[in-house]
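Just below is one structure, and these are the notes that go with it.
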Amino acid sequence: MVKVRLAAPVLQQNEEVARENRTFFQKHGIFVLNLMSSPGSGKTSTLERTIEHLAGSLKLGVIEGDIYTTRDAERIEAYGVPVVQINTAGACHLDARMIRPALEDFDFGGLDLLIIENVGNLVCPAEFDLGEDARAVVLSVAEGNDKPLKYPLIFRQAQVVLINKIDLLPYTDCDLSLLEKDIRAINPDLEIFRISARENTGFSPWLSWLKEQVKIKKQKA
């Protein structure tokens, strides 16, 4: 009789590795944030401003997910932050199995916060648990009002939405009140922060939220 072995579904395998990653992060008391967005939302610029503001108060590490290039990693490296590049070679998202070997390149004895900049995509990254503590979505006003209702999963699973490029608001048709109403209709518990990475404004509430999460994580370690 032929024996048939059923391969574990991809998402099931990912969840197993994600649990291992989460255990590792818990052991070291490091708060891990999965930063997601569509291409062009200003995700890397938001990360750069965040690093600038947190310099001297928190020790950060960054994992950069990109399909092919190292351009974003080079931008982050310029700030003196340890960064590891993961090129997915065509895949439109990071998964837990990609994250695990990258962890070997960090000195976790000296880090408070690890930010994982995922590949630019509002669909696939939401489906893969990396072992992170929280997810933040960067959404620019230039993308229009319809993104939350068109891509609800990523907003349903996130804890934070950073509405970026508010300096461009007069030049768009974006209705901020309607946008936030749609976001809260999907997930009423989301923290929403309005920022402009270009103008470097609106970051204080976001930074306070991050610091509080790092503090809570360390208390639980």
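Going from atom CD1 of I195 over to atom CG of N164 covers 4.0 Å, rounded to the nearest 0.5 Å. With rounding to the nearest 0.5 angstrom, the CG atom of L149 is 4.0 Å from the CG atom of D182. Expressed to the nearest 0.5 Å, how far OG1 of T201 lies from CZ of R49 amounts to 11.0 Å.
Sorted by first and then second residue, the side chain to side chain donor-acceptor pair (under 3.5 Å) pairs involving residues 111-124 (not counting sequence neighbours) are N34-N118, K43-E117, T44-E117, D112-K218.
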Item to check | Criterion side-chain contact (heavy atoms from CB on, under 4.5 Å) on R100 and E20, from CA distance to verdict | outcome: CA-CA 9 Å; R100 186 161 61 181; E20 295 173 3; 2.3 Å; yes
Checklist entry - Are L54 and K211 close enough, and set up right, to give a side-chain contact (heavy atoms from CB on, under 4.5 Å), and what steps lead you there? => result CA-CA 9 Å; L54 291 179; K211 290 177 180 177; 3.6 Å; yes
Item to check | Step-by-step side-chain contact (heavy atoms from CB on, under 4.5 Å) determination, V137 to L122 | outcome: CA-CA 9 Å; V137 180; L122 286 179; 4.3 Å; yes
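Using a cutoff of 4.0 Å between basic side-chain nitrogens and carboxylate oxygens, E143 and K165 are not scored as salt-bridged. A salt bridge does not link E74 with R71: none of the charged nitrogens is closer than 4.0 Å to a carboxylate oxygen.
Partner of I63 under the side-chain contact (heavy atoms from CB on, under 4.5 Å) criterion, chosen from L130, I115, L114, I76: L114. Evaluated for a side-chain contact (heavy atoms from CB on, under 4.5 Å) with V141, the options C174, P170, S196, S41 yield exactly one hit, C174.
The aromatic rings of F108 and H28 sit tilted relative to each other, their planes meeting at an angle between 30° and 60°. Between W209 and F31, the ring planes lie perpendicular to each other; the angle is over 60°, past the 30° to 60° tilted range.
Both L207 and V62 sit in one connected hydrophobic cluster of ILVMFWY residues. Membership requires side-chain heavy atoms under 4.5 Å apart, directly or through other members.
Judged as a side-chain hydrogen bond (donor to acceptor under 3.5 Å, both in side chains), and not counting sequence neighbours, T46 has no contacts.
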